[in-house]
Amino acid sequence: VVQCTLRNTAGIYLHDASGDGGAAAVLVARNWAVDIDGRKSDGSGGWLPFNVRTRVLDGATVRGFEPAQFVQLDRCDDLQQAEIADNRVINRPGKSRVEDVISIHLSSGSAKDPIRIHDNLIDGAYSIDPSAESYTRGGFRYDNSFSGGGIMVGDGIADSPGEASAFVRAYRNTVLNTTNYGIAAAAGHDLVIADNTVVSAGQLADGSTVTAQNVGIYVWDAYGTGASSFYGNIAVRNHVGWARRNAGQRTIRNDWWLPDAANANANRALAGVVTQSDEADARAAAL
């Protein structure tokens with residue numbers, strides 16, 4: 001998928017593919033995407049709000065969206081020549097609903113030929129209403145929780161080490177103001193996050209706070225699988241400035257959290273208070 005334009009749509013999904021040690025090239029390059037959007041219509045010219053949980057339906061969930069990514073590789077093992085590069089993805093608050101912009105889920109390259117994610121600009125990833133809190137009204141629970149973000153280099157609980165996310169390299173990407181996280185490794189092994197620029201002031205253009213904002217880069221065994229499945233994952237030489245509000249509504253820095261990284265050397269924190277001007281500078285450099 002090369003030199004395409006995607007606008008107000010879901011993205012590119014590759015499922016259940018295998019290189020089997022042979023040639024299975026995957027190339028997603030030099031595309032423009034604006035507003036990756038999984039929102040559902042409300043039937044009246046608008047959109048369903050968040051997730052709607054109701055007591056009347058015995059706790060059933062009516063979801064206001066379907067998960068949508070710019071690119072997801074899902075259960076694709078031992079891929080050869082897999083590359084996601086030089087794409088420009090812009091998601092605007094209130095006009096999009098993306099999950100992970102780039103998602104590697106139970107997918108792998110090889111030690112000699114890793115999946116390469118590089119030189120992409122990812123600008124924004126938001127819930128349906130990024131500044132809103134969850135609330136209950138008229139017996140309905142409106143749940144605005146959000147787990148998406150920028151680039152997820154490894155995710156999913158594998159049935160065996162051979163099915164885990166593995167041998168993925170994310171480098172020289174620019175990730176801006178993506179909710180929850182910028183770049184992350186949550187599961188798998190031999191995952192590399194290197195030489196990326198990750199910046200967020202934690203605000204929308206009008207100055208309102210992105211409520212689900214969390215951390216710039218993380219390397220964390222999120223599923224608690226242990227060293228037999230989560231190993232060899234590194235985050236090095238990244239330049240990060242990430243701001244979020246804490247429980248007391250104070251703005252704090254949360255540039256990275258790397259408790260399970262095998263190597264976390266030479267990462268640099270952006271100096272001073274992170275502002276939208278810092279985001280603009282990084283955006284201009286990436287464009």
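None of the values given here were measured: they were computed from a predicted structure.
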What is the minimum heavy-atom distance between [X] and [Y], and which atoms define it?
{"X": "Leu79", "Y": "Ala82", "result": "CB-CB, 4.0 Å"}
{"X": "Val199", "Y": "Ala282", "result": "CG2-CB, 4.4 Å"}
{"X": "Asp77", "Y": "Ser108", "result": "CA-OG, 3.5 Å"}
{"X": "Asn31", "Y": "Cys4", "result": "OD1-N, 2.7 Å"}
{"X": "Pro130", "Y": "Gly94", "result": "CD-N, 4.4 Å"}

Any luck finding a side-chain donor-acceptor pair between [X] and [Y] under 3.5 Å?
{"X": "Thr209", "Y": "Gln203", "value": "no"}
{"X": "Asp74", "Y": "Tyr13", "value": "yes"}
{"X": "Gln80", "Y": "Asp78", "value": "yes"}
{"X": "Tyr126", "Y": "Asn180", "value": "no"}

State which residues pass side-chain contact (heavy atoms from CB on, under 4.5 Å) with Asp281; sequence neighbours excluded, sorted by chain then number.
-> none

Do [X] and [Y] come within less than 4.5 Å of each other through their side chains, counting heavy atoms only?
{"X": "Asn214", "Y": "Asn254", "value": "yes"}
{"X": "Ile117", "Y": "Ile104", "value": "yes"}
{"X": "Phe70", "Y": "Val101", "value": "yes"}
{"X": "Ile193", "Y": "Ile217", "value": "yes"}
{"X": "Asn233", "Y": "Phe230", "value": "yes"}
{"X": "Ile252", "Y": "Arg244", "value": "yes"}
{"X": "Leu204", "Y": "Pro93", "value": "yes"}

Value rounded to 0.5 Å, distance of [atom1] in [X] from [atom2] in [Y]:
{"X": "Asn91", "Y": "Ile122", "atom1": "CG", "atom2": "CD1", "result": "9.0 Å"}
{"X": "Gln213", "Y": "Ser200", "atom1": "CD", "atom2": "OG", "result": "4.0 Å"}
{"X": "Ser107", "Y": "Leu73", "atom1": "OG", "atom2": "CG", "result": "5.0 Å"}
{"X": "Arg39", "Y": "Ile128", "atom1": "CZ", "atom2": "CD1", "result": "7.5 Å"}
{"X": "Ile12", "Y": "Gln69", "atom1": "CD1", "atom2": "CD", "result": "11.0 Å"}
{"X": "Asp35", "Y": "Leu6", "atom1": "CG", "atom2": "CG", "result": "11.5 Å"}

Checking side chain to side chain contact (heavy atoms under 4.5 Å, CB included) for the pair Asp100/Tyr181: CA distance, chi angles, key distance, verdict?
-> CA-CA 9 Å; Asp100 301 316; Tyr181 72 88; 2.7 Å; yes

Side chain [X], main chain [Y], donor-acceptor under 3.5 Å:
{"X": "Asp206", "Y": "Ser208", "answer": "yes"}
{"X": "Asp42", "Y": "Ser44", "answer": "yes"}
{"X": "Asp278", "Y": "Gln276", "answer": "no"}
{"X": "Arg97", "Y": "Ala125", "answer": "no"}
{"X": "Ser277", "Y": "Thr275", "answer": "no"}
{"X": "Ser96", "Y": "Arg92", "answer": "yes"}
{"X": "Asn267", "Y": "Ala235", "answer": "yes"}

Are [X] and [Y] connected, step by step, through hydrophobic side chains (Ile, Leu, Val, Met, Phe, Trp, Tyr) whose heavy atoms are closer than 4.5 Å?
{"X": "Ile183", "Y": "Val240", "value": "yes"}
{"X": "Leu14", "Y": "Val89", "value": "yes"}
{"X": "Leu106", "Y": "Trp220", "value": "no"}
{"X": "Tyr231", "Y": "Ile234", "value": "no"}
{"X": "Val98", "Y": "Leu176", "value": "no"}

List the residues meeting salt bridge (charged side-chain N to carboxylate O under 4.0 Å, His left out) with [X], not counting sequence neighbours, and say none if there are none.
{"X": "Arg169", "result": "none"}
{"X": "Arg7", "result": "none"}
{"X": "Asp255", "result": "Arg253"}
{"X": "Glu66", "result": "Lys40, Arg63"}

Donor-acceptor contacts, no H, no angles, side chain residues 146-162, under 3.5 Å, sequence neighbours left out:
residue: Ser147; atom: OG; partner: Glu99; partner atom: OE2; Å: 2.6
residue: Asp155; atom: OD1; partner: Tyr223; partner atom: OH; Å: 2.5

Exactly one candidate in Asn196, Leu270, Thr174 meets side-chain contact (heavy atoms from CB on, under 4.5 Å) with His239; the answer is Leu270

Could you give all pairs that pass the side-chain hydrogen bond (donor to acceptor under 3.5 Å, both in side chains) test and reach residues 110-125, with sequence neighbours left out?
->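 Counting only pairs at least two positions apart or across chains, the side-chain hydrogen bond (donor to acceptor under 3.5 Å, both in side chains) contacts touching residues 110-125 are Glu83-His118, Asn87-Asn120, Asp119-Arg172, Asn120-Asn173, Asp123-Arg283.
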
Could you go step by step and tell me if Trp242 and Thr178 meet the side chain to side chain contact (heavy atoms under 4.5 Å, CB included) rule?
-> CA-CA 10 Å; Trp242 196 270; Thr178 53; 3.6 Å; yes

Test log, rule side chain to side chain contact (heavy atoms under 4.5 Å, CB included), inputs Val175 and Thr197 = CA-CA 6 Å; Val175 181; Thr197 298; over 6 Å; no

Sequence neighbours excluded, the answer for ring pair (Phe, Tyr, Trp, His ring centres under 6.0 Å) partners of Phe65 is none

Ring pair (Phe, Tyr, Trp, His ring centres under 6.0 Å) partners for Phe167, two or more places apart =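 Testing Phe167 for ring pair (Phe, Tyr, Trp, His ring centres under 6.0 Å), a comparison that skips the adjacent residues, returns His189.
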
Pairs meeting criterion salt bridge (charged side-chain N to carboxylate O under 4.0 Å, His left out) with involvement of residues 179-201, two or more places apart = Asp195-Arg237

Looking at residues at least two apart in the chain, or sitting in another chain, which of them share a side-chain hydrogen bond (donor to acceptor under 3.5 Å, both in side chains) with Tyr218?
->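 Listed in chain order: nothing, the list is empty.
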
Would you verify whether the NZ or CZ of Arg88 falls within 45 degrees of the ring axis of Trp32 while also being under 6.0 Å from that six-membered ring's centre?
->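 Judged by the rule, Arg88 and Trp32 form no cation-pi pair.
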
Side-chain atoms of residues 256-266: list all donor-acceptor pairs with protein atoms under 3.5 Å, sequence neighbours left out, distances to 0.1 Å.
residue: Asp260; atom: OD2; partner: Asp221; partner atom: N; Å: 2.8
residue: Asn263; atom: OD1; partner: Asn265; partner atom: N; Å: 3.0
residue: Asn263; atom: OD1; partner: Asn265; partner atom: ND2; Å: 2.9

Could you tell me whether Arg75 and Asp16 make a salt bridge, using a distance below 4.0 angstrom between a side-chain N and a carboxylate O?
-> no

